[in-house]
Amino acid sequence: MAETLQRNIFQRLLGLSATSKPLDDQCWTFSDGKIEINLNLAKELTAIGGAVRLEKKQLPENILVIHGTDDKYYAFNNKCKHMGRRMDPVPGTQTIQCCSIGKTTYDYDGKAISGSGKGKLCKYPVEKSLDRLVIRLKS
Ligand code: FES
């Protein structure tokens, strides 16, 4: 059984994710199929285990960006394969988990390892250079 992120029943019922949008909305841009994140401004991603959810700005889908426990960055389509709710990283593990009751849990490859969701999340390549992350939604 996968580790569980501590959330109360109301948060689970309402599908409220623990991960927020960046406090500084200027920390990221999206154009020509490419997300760029300025890590100097995206303070939520500084520490291992940190995460942000990116939404709007003409994005074709919502994106979850995490600073993994292996010190690498990952980006996923933020839509659980069960019923489409958002996800959060589970502290101290190399997994992300749906915020809903079903708690479908995925590994860093996006593969469902427990819960009602089946299959694989769409995962996007993340390139890091100095203080910048680049995520390409299309190749
Ligand atoms: S929507 Fe994710 S487990 Fe149900």
Side-chain angles (χ1 to χ4, degrees):
M1 178 118 171
E3 298 254 352
T4 299
L5 181 65
Q6 289 308 308
R7 305 289 286 159
N8 68 40
I9 187 68
F10 300 106
Q11 291 166 325
R12 293 270 175 208
L13 281 171
L14 296 171
L16 301 175
S17 64
T19 304
S20 23
K21 295 179 191 172
L23 270 179
D24 184 347
D25 196 46
Q26 304 300 310
C27 73
W28 69 286
T29 59
F30 176 66
S31 69
D32 198 25
K34 190 171 73 173
I35 297 169
E36 288 193 50
I37 301 176
N38 180 337
L39 291 172
N40 293 321
L41 301 179
K43 299 296 184 197
E44 297 89 343
L45 290 171
T46 303
I48 284 177
V52 287
R53 55 186 170 94
L54 305 181
E55 299 175 4
K56 307 256 169 41
K57 293 192 184 179
Q58 319 300 319
L59 276 177
E61 60 199 65
N62 295 336
I63 303 292
L64 175 70
V65 183
I66 68 167
H67 186 168
T69 53
D70 57 0
D71 204 17
K72 295 179 183 165
Y73 292 87
Y74 297 90
F76 301 93
N77 178 350
N78 198 3
K79 193 171 178 186
C80 177
K81 297 298 268 184
H82 179 222
M83 298 281 280
R85 286 198 158 165
R86 295 182 179 102
M87 290 165 297
D88 300 300
V90 182
T93 74
Q94 294 194 7
T95 63
I96 60 173
Q97 188 167 74
C98 178
C99 65
S100 190
I101 295 282
K103 300 180 215 162
T104 296
T105 304
Y106 302 85
D107 64 19
Y108 281 176
D109 283 331
K111 183 174 166 240
I113 56 173
S114 73
S116 320
K118 303 292 174 219
K120 234 176 155 180
L121 295 173
C122 192
K123 176 183 164 187
Y124 297 102
V126 182
E127 296 163 32
K128 182 175 184 296
S129 56
L130 296 174
D131 57 357
R132 197 158 292 267
L133 297 182
V134 175
I135 302 162
R136 293 179 199 283
L137 301 190
K138 62 181 184 186
S139 48

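Computation of the quantities below employed the complete heavy-atom set of this structure, encompassing side-chain atoms and omitting hydrogens, waters and symmetry-equivalent molecules. Quick caveat, the model's predicted, so the values are computed rather than measured. In each ligand, atom 1 is the first atom listed, and ligand 1 is the first ligand listed.
Among Asn78, Leu64, Ile96, Thr104, the single residue meeting the side chain to side chain contact (heavy atoms under 4.5 Å, CB included) criterion with Leu121 is Ile96. For the pairing with Glu44, the side chain to side chain contact (heavy atoms under 4.5 Å, CB included) check across Cys27, Pro22, Ser20 returns one residue only, Pro22.
Contact check for Ile9 versus Ile101: side-chain heavy atoms found under the 4.5 Å cut-off.
Within the 4.0 Å heavy-atom shell around ligand 1 one does not find Met87.
Shown in contact with Gly102 at under 4.0 Å from a heavy atom are these atoms of ligand 1, numbered in order with element: 3 (S). Under a 4.0 Å criterion applied to the non-hydrogen atoms of Thr104, ligand 1 contributes the atoms 3 (S). Below 4.0 Å from some heavy atom of Lys103 lie the following atoms of ligand 1, by number and element: 3 (S).
Distances from atom 2 (Fe) of ligand 1 show that Cys98 has an N/O/S atom below 2.8 Å. One of the N, O or S atoms belonging to Cys80 lies under 2.8 Å away from atom 2 (Fe) of ligand 1.
Considering only non-hydrogen protein atoms, atom 1 (S) of ligand 1 sits nearest to Met83 N, 3.2 Å. Nearest to atom 4 (Fe) of ligand 1 among the protein's heavy atoms is His82 ND1, 2.2 Å.
No part of Lys81 comes within 4.0 Å of ligand 1, judged by heavy-atom distances.
Put simply, Val65 and Tyr74 are part of two different groups of oily side chains (I, L, V, M, F, W, Y) that touch within less than 4.5 Å, one to the next.
Distance OH/Tyr73 to CD1/Ile48: 8.5 Å, rounded to 0.5 Å.
For the pair Asn38 (side chain) and Asn40 (backbone), a donor-acceptor distance under 3.5 Å is present.
Summarising the local packing, NZ of Lys57 is surrounded by more than 12 heavy atoms from other residues, nucleotides or ligands at distances under 6.0 Å.
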